[in-house]
Amino acid sequence: MVAVSLNALSLGRIEPSDEEAVRQWYELRCSVVRADQPDDPPPCWISERGRFRHPSPGADKTGWLARDAGSVVGACVLRLPMLDNLHNAEGKILVAPQHRRRGIGRALLSHLRVAATRHGRSRLIGSEVDHPLDPAAPDPAGRFAAACGAMPALVETRRRLEVDSVDPAVLVRLDAQARAKSEGYSLVQWVGSTPQRWLDDVAYLTGRMSTDAPLDALQWDAEVYDAARMQADETSSLACGLHMVTTAAVHSTGQLVGLTQIVGLATSPWFAGQWNTIVAPEHRGHRLGMLIKVANLRHALAQRPELRVIDTCNADSNRHMIVINEVMGFRPHRRMAEWQLDL
Ligand SMILES: CC(C)(COP(=O)(O)OP(=O)(O)OC[C@H]1O[C@@H](n2cnc3c(N)ncnc32)[C@H](O)[C@@H]1OP(=O)(O)O)[C@@H](O)C(=O)NCCC(=O)NCCS
């Protein structure tokens, strides 16, 4: 295979208003998912386009397409946190399956390094990088990241719940056990954006996700969330067509003290991802985690009866969350890692 230097590739910025360039990004994403994660839903066009046109407010996002003789062979994205984590940058690199092992990945990484350094960032993080569960299976992303000198700072397992395999009697039992230990708390549920009266509490808990979930060796600072950022984040998610289902626990004092979310795409309604689950520290130990997760599973199924598969991702060191997920029936499906590279 011929080694390609960045000079031999033409690198064009993806302007969010350039429908053709965004479409080419989307098609590249589809080809990568087909090759590397065939059990996953195809990327959703509304979401992929939305992430360029309606980015979340906490970060600046720039993407580039790499072309060789006019055809798209790869792409990269740089995400710069703007409200916190000002020393960090997040990078994503995609190389079309038929153009791999030609040095394109390395060339795109050099580009991201230069761009991140120019913005004063001293660390580049590859977030939610996918790996196979079987350590003997091909792992292009892991081999690439290690060859480039990055460190797997946070190692996670993606677990999958096959909804049809859940025994309803198990959910009834888990719910009853949790209710017995959570006297003084009630549940609230919604679909879409957070009702105004809960915004401050939800913003507080969302910010705590960045400090309370284990980070292991990942150097990631506390994220600063308030009601305005929360609302802007949700506006962006809704513009991306996301279907967000939330259950929260409210203490008798009227404070919202725990929440969990299941989020689906506008397409592939059979699939959803588990997003944030958190209980405020002073309210832990009352089975609220189990209570809200079981209730939200039922809530999500009532909203989208086509739902068959839910994926959740946890740090391997997050023992408490993993126990709850395993008891509910989630089983290991893929590995994930946050790769960290000092610049
Ligand atoms: C990971 C990925 C970006 C690599 O792109 P690439 O263009 O094939 O990478 P390069 O050709 O620049 O490889 C650089 C080095 O990484 C290692 N490497 C890359 N792919 C590998 C593989 N499949 N097996 C073993 N080593 C591999 C090698 O050491 C390689 O150097 P060499 O070819 O001289 O031995 C590509 O496989 C991909 O797009 N995967 C899906 C998206 C993804 O997971 N991205 C992760 C980064 S955010």
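We count ligands from 1, going down the list as the structure has it; atoms in each ligand are counted the same way.
In this comparison of Leu109, Asp36, Asp130, Ile125, the heavy atom closest to atom 41 (C) of ligand 1 sits on Asp36. Relative to atom 31 (O) of ligand 1, the option among Arg106, Arg29, Glu128 with the closest non-hydrogen atom is Arg106. Looking at Ser127, Ala145, Gly103 and measuring to atom 10 (P) of ligand 1, the nearest heavy atom belongs to Gly103.
An N or O contact shorter than 3.5 Å links Arg102 to ligand 1 by distance. Considering both main-chain and side-chain atoms, Ala147 never comes within under 3.5 Å of ligand 1 through any nitrogen or oxygen pair. Taking distance alone, with nitrogen or oxygen atoms compared against 3.5 Å, Gly105 approaches ligand 1 more closely than that limit.
Residue, atom and distance of the protein heavy atom nearest to atom 27 (C) of ligand 1 are Arg143 CB, 3.5 Å. For atom 13 (O) of ligand 1, the closest non-hydrogen atom on the protein side is Phe144 CD1, 3.8 Å. Closest to atom 28 (C) of ligand 1, if we only count protein heavy atoms, is Arg101 NH2, 3.9 Å. In this structure, the protein non-hydrogen atom closest to atom 44 (O) of ligand 1 is Ala141 CB, 3.2 Å. Looking at atom 48 (S) of ligand 1, its nearest protein heavy atom turns out to be Ile93 N, 3.5 Å. Given atom 40 (N) of ligand 1, the protein heavy atom at minimum distance is Arg100 NH2, 3.5 Å. For atom 5 (O) of ligand 1, the nearest non-hydrogen atom of the protein is Val95 CG2, 3.4 Å.
A 6.0 Å sphere centred on CD of Glu20 holds no more than 12 heavy atoms belonging to other residues, nucleotides or ligands. No more than 12 heavy atoms of other residues, nucleotides or ligands shown are found within 6.0 angstrom of NZ on Lys92. Within a 6.0 Å radius of CZ in Arg298, more than 12 heavy atoms belonging to other residues, nucleotides or ligands are found. Within 6.0 Å of CD in Glu183 there are 12 or fewer heavy atoms belonging to other residues, nucleotides or ligands.
Per-atom contact check: atom 7 (O) of ligand 1 touches the protein, criterion being a heavy-atom distance below 4.0 Å.
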Practice task
Determine, stepwise, if the pair Val245 / Gln261 fulfils side-chain contact (heavy atoms from CB on, under 4.5 Å).
Solution key: CA-CA 6 Å; Val245 175; Gln261 288 179 304; over 6 Å; no
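Atoms CZ and OG1, from Arg159 and Thr312 in turn, are 8.5 Å apart once rounded to the nearest 0.5 Å.
Between Asp175 and Lys293 there is no salt bridge, since none of the side-chain N atoms of the basic residue sits less than 4.0 Å from a carboxylate O of the acidic one. Electrostatic pairing of Arg334 and Asp36 does not count as a salt bridge here, judged by no charged N lying under 4.0 Å from a carboxylate O.
Listed by chain and residue number, nothing satisfies the side chain to side chain contact (heavy atoms under 4.5 Å, CB included) test with Ser71 (two or more places apart in sequence, or in another chain). Remark: Phe144 engages no residue in a ring pair (Phe, Tyr, Trp, His ring centres under 6.0 Å) (not counting sequence neighbours).
With a 4.0 Å cut-off on non-hydrogen atoms, Val32 touches ligand 1 through its side chain and not its backbone. When heavy-atom distances to ligand 1 are checked against a 4.0 Å cut-off, Asp139 has no atom that comes that close, whether in backbone or side chain.
Each of Leu242, Thr246, Ile310 was compared with Val263 under the side chain to side chain contact (heavy atoms under 4.5 Å, CB included) criterion, and only Leu242 meets it.
For ligand 1, the atoms closer than 4.0 angstrom to any heavy atom of Leu94 are 39 (O), 42 (C).
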